[in-house]
Amino acid sequence: QVQLVESGGGLVQAGGSLRLSCAASGRTISSYAMGWFRQAPGKEREFVALVSWTGGDTFYANSVKGRFTISRDNAKNTVYLQMNSLKVEDTAVYYCAADSLDRYGGSWRQGHGGADYWGKGALVTVSA
């Protein structure tokens, strides 16, 4: 079993930055694709970004491309999401996810929202 714990959420003004972290425990995630999803109030959970198991390949939702950067440190068993130029519409609970079967996150690229493991989420609130 893998436990994922997000941190780094909070309140920020539009145009500001935040960095989310996702610390994994219980098992190494070095062979897993890792991703970030988010769920805004009243909306369904949506894909944000993924990073392949080596960290060499990333993929982003169009809504965050050019503003968000996903990365990972396998030595620390941790994944990050650097969020810059935040907008009010980025307000959501952000979830870390792990896919143990598809190392390159292929299912997420195709729009599927499943994962083997989920964190409990971190709230990001962007004020105008």
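This chain uses plain numbering: 1 for the first residue, then up along the sequence.
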Between S31 and R103, does the side chain to side chain contact (heavy atoms under 4.5 Å, CB included) criterion hold? Intermediate values first, please.
CA-CA 6 Å; S31 64; R103 296 186 175 190; 3.9 Å; yes
Sorted by chain and number, sequence neighbours left out, ring-ring contact (aromatic ring centres under 6.0 Å, His included) with F37 holds for F47, W108, W118
Could you walk me through whether V5 and K120 pass the side chain to side chain contact (heavy atoms under 4.5 Å, CB included) test, one step at a time?
CA-CA 7 Å; V5 178; K120 293 187 177 181; over 6 Å; no
Would a hydrophobic clustering, with Ile, Leu, Val, Met, Phe, Trp and Tyr connected at side-chain separations under 4.5 Å, put Y117 with W36?
yes
Atom CD in E46, atom OG in S63: separation rounded to 0.5 Å?
5.5 Å
Output the distance between atom CG (L50) and atom CZ (F59), rounded to the nearest 0.5 Å.
7.0 Å
Contact summary for A98 and A115, nearest pair of heavy atoms
O-CB, 3.6 Å
Any side-chain heavy atom of C96 sitting closer than 4.5 Å to one from M34?
yes
Indicate yes or no: at least one non-hydrogen side-chain atom of L18 is less than 4.5 angstrom from one of L86.
yes
To the closest 0.5 Å, what do you measure between OH (Y32) and CG (D99)?
9.5 Å
If you measure from the Lys or Arg side-chain nitrogens to the Asp or Glu carboxylate oxygens, is any gap between R109 and D102 under 4.0 Å?
no
Is V79 reachable from V64 through a run of I, L, V, M, F, W or Y residues, each pair having side-chain heavy atoms under 4.5 Å apart?
yes
Are R72 and I29 close enough that some pair of their side-chain heavy atoms sits under 4.5 Å apart?
yes
Interatomic spacing from CD in E6 to OH in Y95 - rounded to 0.5 Å:
8.5 Å
Within the structure provided, determine whether T28 and N74 are in side-chain contact (heavy-atom separation under 4.5 Å).
no
Which heavy atom of V93 sits nearest a heavy atom of G121, and at what distance?
CG1-CA, 3.8 Å
Hey, are the side chains of S25 and V2 touching, using non-hydrogen atoms and a 4.5 Å cut-off?
no
For the hydrophobic clusters of this structure (ILVMFWY residues joined by side-chain heavy atoms under 4.5 Å, transitively), does one cluster hold both Y60 and L20?
yes
Could you tell me whether the side chain of T125 and the main chain of L11 form a donor-acceptor pair under 3.5 Å?
no
Pairs satisfying side chain to side chain donor-acceptor pair (under 3.5 Å), at least one member in residues 81-94, at least two apart
S17-N84, R38-D90, R38-Y94, R67-D90, Q82-N84
Here the gap from R19 atom CZ to T69 atom OG1, rounded to the nearest 0.5 Å, amounts to 11.5 Å
Side-chain heavy atoms of V126 within contact of Q13, under 4.5 Å
no
Atom CG of L81 and atom OG of S21: how far apart are they, to the nearest 0.5 Å?
9.5 Å
